[in-house]
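Heads up: the structure comes next, in structure tokens.
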Amino acid sequence: MTDLQPARGTHDLIGDDLRRHRHVAETARRIAGTYGFDEWITPIFEDTRVFSRTLGETSDVVMKEMYTFDDRGGDSVTLRPEGTAGVCRALVTNGLTQSLPQKVFYAGPMFRYERPQKGRYRQFHQIGVELIGPSEPLADAEAIACGWDILKALGVAADTILEINTLGDKESHAAYRDALIAYFSAHQGALSKDSLTRLERNPMRILDSKDEGDRSVVADAPTIVPYLTDAAAAFYAQLKDHLGRFGVPFRENPRIVRGLDYYGHTAFEFVTLKLGAQGTVMAGGRYDGLVAEMGGPRTPAVGWAAGIERLGMLMDAAPAPPAPVVVVPIGDAAEATAMAVLQSLRAAGIRAEMGYRGNLKRRMERANKLGARATVIIGDNDIAAGVAQVKDLTTGVQEAIALDAIAARLS
Ligand code: ATP
Ligand code: MG
């Protein structure tokens, strides 16, 4: 079995990697909580239609990235490639469409069949928020401000910049679509095969293509700005005002369309120059049509998702594990006392370990190796006196402390 490797594009989370991961998810959960978001956990696999109906048949995700298979009962299921569709499905199937707003936070694994590279995996993890109910641009600004606060709390905000765009409303969309069809039809020869399909079904999707040839055509494509209705332009202007009030710096990028079909009005990405081609760390927008696609009433919503791995890569150092206290009994009689002290430390919430192999020197070496902040050395004389020698390894100061006072002293 020695040739077994993790499946391509998957990775184990151990040590610093896991601590980074947890730190990102916990920080995000905490900050999202201050904005009133509560966590939902939806299933990791869903009926395939939850995604195929809603993400857009011409999106990269649906065209080539989904892990879809028939289960043993013959039902087609898909490992979730993103979180929003499942949350909207859950909103409808839990009868929550009349209890708005719903403010959802989620964190968990996502699956996409991609070509693995730095910052791009087949099983990766996302945090995300969905603000379901409000149709005002203030909601968009709040969701974005929450994301910005999370980036700040993680210490990575300085490495990222928010780029925003508007995709307009239905009417703007239709006019823009015609303009794009005219433009791309005139450049068909330079487009990839995928984009020729997109040209027929959803030309806006071409703007999001990663193909080199497509990108040079896209560079000169018309922007949506002249096609915006007054209402759509006003929505966008208000969003920018609100972002200013929240103190979130941004720049406009008319090329942002997002990879999934369900967006309208606001689209945004927090991007960084530090991760090469995988420069988008957090992305989202407004998706007023998605809940209806899922069989619910038309329900406005806005949200974003961020890759935990990409955020972790931007962080300077992984948070250190808590330094333990190591209890070192000298002699057999001391061991029973050491066990009692050990449990009193743990009961006080202190990370504590027993140093029980070898002579005193070996035990102290082990304490050092564990990165101990203190040792509690217990010899026969100590037991007789009801004390132990507590040594603070950062200051080097050692003192005798009553056994039942040790946990309080080290708290
Ligand atoms: P990209 O353009 O990098 O493919 P995307 O537009 O497909 O990203 P979204 O579907 O918006 O990404 O997902 C939101 C975030 O999730 C991304 O900004 C990124 O941080 C993360 N992400 C997406 N796909 C992957 C992946 N395969 N591996 C790691 N992180 C990912
Ligand atoms: Mg992608």
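Keep in mind that the numbers below use all heavy atoms, side chains included, and drop hydrogens, waters and symmetry copies. Both counts, for ligands and for their atoms, begin at 1 and track the order of listing.
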Query - Cationic N near anionic O, under 4.0 Å, E365 to K361 - result: yes
Checklist entry - Does even one non-hydrogen atom of E82 get within less than 4.0 Å of ligand 1? => result no
Suppose I only count heavy atoms of [X] and a 4.0 Å limit; which atoms of ligand 1 are within that range?
{"X": "V281", "result": "18 (O), 20 (O)"}
{"X": "T280", "result": "17 (C), 18 (O), 19 (C), 20 (O)"}
{"X": "Q126", "result": "13 (O), 14 (C), 15 (C), 16 (O)"}

Contact region, Q278 to ligand 1, non-hydrogen atoms below 4.0 Å, reads neither
- [ ] Say whether G307, considering both its backbone and side-chain N or O atoms, lies within less than 3.5 Å of an N or O atom on ligand 1.
- [x] yes
Polar side chain donor-acceptor pair, Y287 to E130, under 3.5 angstrom: yes
So, do R120 and R112 sit near enough that their side-chain heavy atoms are less than 4.5 Å apart? no
Worksheet item: Angle class for the H187/Y183 ring planes (parallel below 30°, perpendicular above 60°, tilted otherwise)?
Response: tilted
Is it true that the NZ or CZ of K103 lies under 6.0 Å from the centre of F105's six-membered ring and within 45 degrees of the ring axis?
no
To atom 10 (O) of ligand 1, the nearest of E114, R112, K210, E309 on a heavy-atom basis is R112
Which of D211, D214, T197 passes side chain to side chain donor-acceptor pair (under 3.5 Å) with S192? Answer is D214
